[in-house]
Structures are given as C-alpha cells and as structure tokens.
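Worksheet: the structure to be examined is printed underneath.
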Amino acid sequence: GSVEAPVPRVGVVVFVLKGKSVLLGRRRATICNSAFALPGGHLEFGESFEACAAREVKEETGLDIDNIEVLKVTNNLFHEGAEPSHYIMILLRAVLANPNQLPENLEPDKCDGWDWYEWDSLPSPLFWPLEKLLQDGFHPFLIV
Ligand code: 8DG
Ligand code: MG
Ligand code: MG
C-alpha cells in the first residue's frame with residue numbers, strides 16, 4: 001500500500017461510434033474485472049481530454065479517431081480491492097478516422113479483446129459507471 005493520502009484521479013473514456021455500434025472490451029483489472037468497458041485511461045499531466053482520448057484509444061486498440069467531443073462528466077467511487085479509488089470520468093465520443101480500420105487487442109493483460117456492439121443489444125455485465133449512465137437515459141448517439 002501507499003503512504004500517500006488517496007486523491008481523486010481523472011479517467012478519460014471514449015465511445016467510439018460506428019454505425020449503430022460502440023466499441024467495448026472485457027476488462028482485466030482490479031476495478032470491475034471482466035466487465036465490458038470503453039477504451040480509456042488516465043489523464044496525463046498537461047494533456048487535453050481529446051488528446052488523452054486519442055492516445056488511449058490508439059494504445060489500447062490501434063485505432064485512429066476523429067471528431068472527438070466531450071459528452072459528459074461523472075464522479076465515481078470504487079470500493080473494490082484493498083483501497084477505495086475515486087475517478088472523475090470524462091466521457092467523450094469519436095468516430096473512426098478510417099472506417100475500414102479494425103481494432104487490435106494491444107494490451108491483452110488489461111483486456112480480453114475489442115468488439116463492436118449495437119447500442120440496442122449491449123453485452124453484460126457492463127462496467128457499472130456505464131450501466132448507471134444507461135439507466136439514467138444517456139445516449140451517446142443522440143447528443144448534438
Ligand atoms: P493507463 O495506465 O493506460 O493510463 O490506464 P488504464 O490502465 O488504461 O486505466 P483504465 O482502468 O482503463 O481507466 C482508468 C480509470 O477510469 C478506471 O480504472 C476507472 C475509470 N473509468 C470509469 N469508467 C471507465 C470505462 O468505461 N472504461 C475505462 N477504461 N475506465 C473507466 O470510471
Ligand atoms: Mg490505457
Ligand atoms: Mg484502459
């Protein structure tokens with residue numbers, strides 16, 4: 001364990017939209033292991049949300065994204081594992097820069113693989129911050 005007092009961290013996550021589908025991968029992680037989650041990760045010092053989104057999607061899937069927009073911010077507390085964690089989640093959406101590009105599983109230690117899922121038939125279990133958003137009526141395709 002760390003001797004530092006815990007602090008909130010910033011998670012940047014991306015709805016990569018393709019037709020009626022979004023990109024999801026099954027997590028391998030302490031928080032919400034084996035739940036389906038969006039590509040994303042930690043905001044680095046000095047980074048814009050859009051640059052972080054493009055970097056994390058590229059690192060995790062190899063995909064290049066375009067039309068990157070911030071959609072929403074949520075505040076999430078996780079009580080799993082030895083120590084609780086607190087994430088401010090910045091949700092963005094984007095589209096593929098090249099619609100023919102296929103996702104690759106570039107961090108197989110953190111994810112079982114990426115696939116497209118139609119919005120009307122999402123897999124379960126979803127990462128709970130995502131599940132909560134859906135229950136609140138959030139819809140990444142409809143926001144203008
Ligand atoms: P990094 O080292 O690449 O920066 O981080 P990572 O290993 O890719 O981190 P992550 O767990 O994928 O994302 C950071 C945190 O963001 C995660 O632990 C909790 C928070 N987070 C949410 N919702 C989501 C989500 O839908 N997907 C992802 N990947 N993270 C999310 O609150
Ligand atoms: Mg990452
Ligand atoms: Mg990640």
Side-chain angles (χ1 to χ4, degrees), residues 1-97 101-143:
S2 166
V3 293
E4 304 285 328
V7 293
R9 301 183 73 191
V10 181
V12 170
V13 305
V14 192
F15 286 98
V16 183
L17 306 183
K18 182 180 173 177
K20 293 176 181 171
S21 300
V22 300
L23 189 70
L24 294 170
R26 216 183 243 268
R27 285 170 70 77
R28 292 175 168 278
T30 320
I31 296 176
C32 288
N33 187 36
S34 90
F36 286 90
L38 299 169
H42 299 94
L43 186 72
E44 291 183 358
F45 187 85
E47 199 171 39
S48 72
F49 299 143
E50 292 84 359
C52 181
R55 177 182 57 73
E56 285 288 344
V57 169
K58 185 75 179 172
E59 287 174 358
E60 297 184 353
T61 73
L63 296 171
D64 297 297
I65 55 173
D66 232 337
N67 298 357
I68 308 168
E69 301 172 278
V70 175
L71 297 181
K72 193 173 174 70
V73 176
T74 66
N75 194 27
N76 300 304
L77 288 169
F78 299 92
H79 300 283
E80 300 165 52
E83 285 145 26
S85 49
H86 179 181
Y87 278 96
I88 295 157
M89 175 169 70
I90 314 291
L91 281 144
L92 298 92
R93 75 175 163 197
V95 295
L96 293 177
Q101 206 181 358
L102 299 175
E104 295 171 78
N105 192 16
L106 296 181
E107 294 181 346
D109 54 321
K110 290 186 182 176
C111 177
D112 281 352
W114 300 103
D115 214 338
W116 302 100
Y117 296 90
E118 283 208 20
W119 186 252
D120 294 334
S121 54
L122 294 177
S124 87
L126 283 175
F127 197 18
W128 73 255
L130 280 181
E131 185 65 48
K132 191 161 171 289
L133 274 175
L134 300 198
Q135 282 167 11
D136 293 346
F138 179 81
H139 197 310
F141 293 84
L142 298 185
I143 297 165

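In each ligand, atom 1 is the first atom listed, and ligand 1 is the first ligand listed. Each residue takes its place number in the sequence, starting with 1. Everything quoted here is computed from the prediction, not taken from an experiment.
Geometric assessment of R27 against the ring of F36 yields a negative cation-pi assignment under the 6.0 Å and 45° thresholds.
Interface of G11 with ligand 1, defined as ligand atoms under 4.0 Å from a residue heavy atom, comprises 16 (O). Heavy-atom proximity to A37, at under 4.0 Å, picks out these atoms of ligand 1: 27 (N). For ligand 1 and N76, the ligand atoms under 4.0 Å from any heavy atom of the residue are 32 (O).
Summary of contacts: the protein heavy atom closest to atom 12 (O) of ligand 1 is G40 O, 3.0 Å. The protein heavy-atom contact nearest to atom 27 (N) of ligand 1 is L38 O, 3.0 Å. Considering only non-hydrogen protein atoms, atom 13 (O) of ligand 1 sits nearest to G41 CA, 3.5 Å. Y87 CE2, 3.5 Å is the protein heavy atom nearest to atom 15 (C) of ligand 1. At the top of the distance list for atom 22 (C) of ligand 1, counting protein heavy atoms only, stands M89 SD, 3.2 Å. At the top of the distance list for atom 30 (N) of ligand 1, counting protein heavy atoms only, stands V13 CG1, 3.4 Å. At the top of the distance list for atom 2 (O) of ligand 1, counting protein heavy atoms only, stands K110 NZ, 3.5 Å. Here the heavy atom of the protein found nearest to atom 31 (C) of ligand 1 is F127 CE2, 3.2 Å.
By the criterion of a heavy-atom distance under 4.0 Å, both the backbone and the side chain of H42 are placed next to ligand 1. When non-hydrogen atoms are compared, ligand 1 lies under 4.0 Å from neither the backbone nor the side chain of E44. Only the side chain of E60 comes within contact range of ligand 1, with a heavy atom under 4.0 Å; no backbone atom does.
Here the side chain of Q101 pairs a donor or acceptor atom with the backbone of G62 at under 3.5 angstrom. E56 places no side-chain N or O within donor-acceptor distance of the main-chain N or O of V13, the cut-off being under 3.5 Å.
Rounded to the nearest 0.5 Å, atoms CD1 (I88) and NE2 (H86) are 5.0 Å apart. The CD1 atom of I143 sits 4.5 Å away from atom CG of L71, with the distance rounded to the nearest 0.5 Å. Atom CG of L96 and atom CG of D66 lie 9.5 Å apart (nearest 0.5 Å).
Taking the side chain as every heavy atom from C-beta outward, I68 and R93 never approach each other to under 4.5 Å. With a 4.5 Å cut-off on side-chain heavy atoms, V57 and D64 do not count as touching.
Sorted by first and then second residue, the ring pair (Phe, Tyr, Trp, His ring centres under 6.0 Å) pairs with a member in residues 40-68 read H42-Y87; sequence neighbours excluded. Sequence neighbours left out, the pairs with a member in residues 118-140 that pass side chain to side chain donor-acceptor pair (under 3.5 Å) are W119-H139, E131-Q135. Counting only residues at least two apart or on different chains, the side chain to side chain donor-acceptor pair (under 3.5 Å) pairs with a member in residues 104-114 are R28-D112.
The shortest N or O to N or O distance between F78 and ligand 1 is not below 3.5 Å. Note: no N/O pair closer than 3.5 Å links E107 and ligand 1 by distance alone. Between P129 and ligand 1, no pair of N/O atoms sits closer than 3.5 Å. For a threshold of 3.5 Å applied to N or O pairs, the pair formed by E56 and ligand 1 contains at least one separation below that value.
Checked options V14, V12, L38; the residue passing with L91 is L38 (criterion: side-chain contact (heavy atoms from CB on, under 4.5 Å)). No option in L63, D115, I65 other than L63 meets the side-chain contact (heavy atoms from CB on, under 4.5 Å) test with L23. Partner of F15 under the ring pair (Phe, Tyr, Trp, His ring centres under 6.0 Å) criterion, out of Y117, F138, W116: F138 alone.
Counting only distances under 2.8 Å, and ignoring water, the protein N, O or S atoms around the Mg ion (ligand 3) are G40 O, E60 OE2.
In the displayed structure, K72 atom NZ is contacted under 6.0 Å by at most 12 heavy atoms of other residues, nucleotides or ligands.
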